[in-house]
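Scroll down for the structure; my scribbles are underneath it.
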Amino acid sequence: MNRDMFSKFNPEILMELVSRLMSTLVGKEVMLTNGRFGTIIMIDHTIPLKLY
């Protein structure tokens with residue numbers, strides 16, 4: 001989403017949506033940038049969009 005779009009949504013509802021979407025990803029297998037595979041074991045609920 002375009003950053004400008006976030007101002008058009010209720011932040012509480014948006015964070016609930018993001019939280020629910022992120023929780024469905026826990027346990028999923030992902031391919032890392034180095035070509036190896038890993039499993040998502042946790043997503044920090046206080047900053048769900050942060051990439052480590």
Side-chain angles (χ1 to χ4, degrees):
M1 260 191 240
N2 185 327
R3 287 185 186 266
D4 296 333
M5 292 297 292
F6 283 109
S7 64
K8 297 180 182 181
F9 295 107
N10 179 328
E12 291 177 12
I13 293 173
L14 184 59
M15 285 308 296
E16 181 66 24
L17 173 64
V18 168
S19 176
R20 289 178 187 248
L21 287 172
M22 293 296 145
S23 69
T24 65
L25 297 175
V26 174
K28 300 291 183 186
E29 190 172 271
V30 294
M31 184 169 45
L32 306 175
T33 57
N34 64 3
R36 296 177 66 189
F37 288 89
T39 303
I40 299 173
I41 58 169
M42 183 191 89
I43 298 174
D44 187 342
H45 71 280
T46 60
I47 44 174
L49 300 177
K50 180 175 173 114
L51 300 175
Y52 293 94

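Residue numbers start at 1 and run along the sequence shown.
For Glu29, the CD atom is densely surrounded, since the number of other residues' heavy atoms within 6.0 Å is greater than 12. Within 6.0 Å of CG on Leu32 lie more than 12 heavy atoms contributed by other residues, nucleotides or ligands.
Note that the CG atom of Asn10 and the CG atom of Leu17 stand 11.5 Å from one another [nearest 0.5 Å].
Put simply, Val30 and Val18 are part of the same group of oily side chains (I, L, V, M, F, W, Y) that touch within less than 4.5 Å, one to the next.
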*asked:* Could you walk me through whether Leu25 and Met22 satisfy the side chain to side chain contact (heavy atoms under 4.5 Å, CB included) test, starting with their C-alpha distance in whole Å, then the side-chain angles of each, then the deciding distance to 0.1 Å, before giving a yes or no?
replied: CA-CA 5 Å; Leu25 297 175; Met22 293 296 145; 4.0 Å; yes

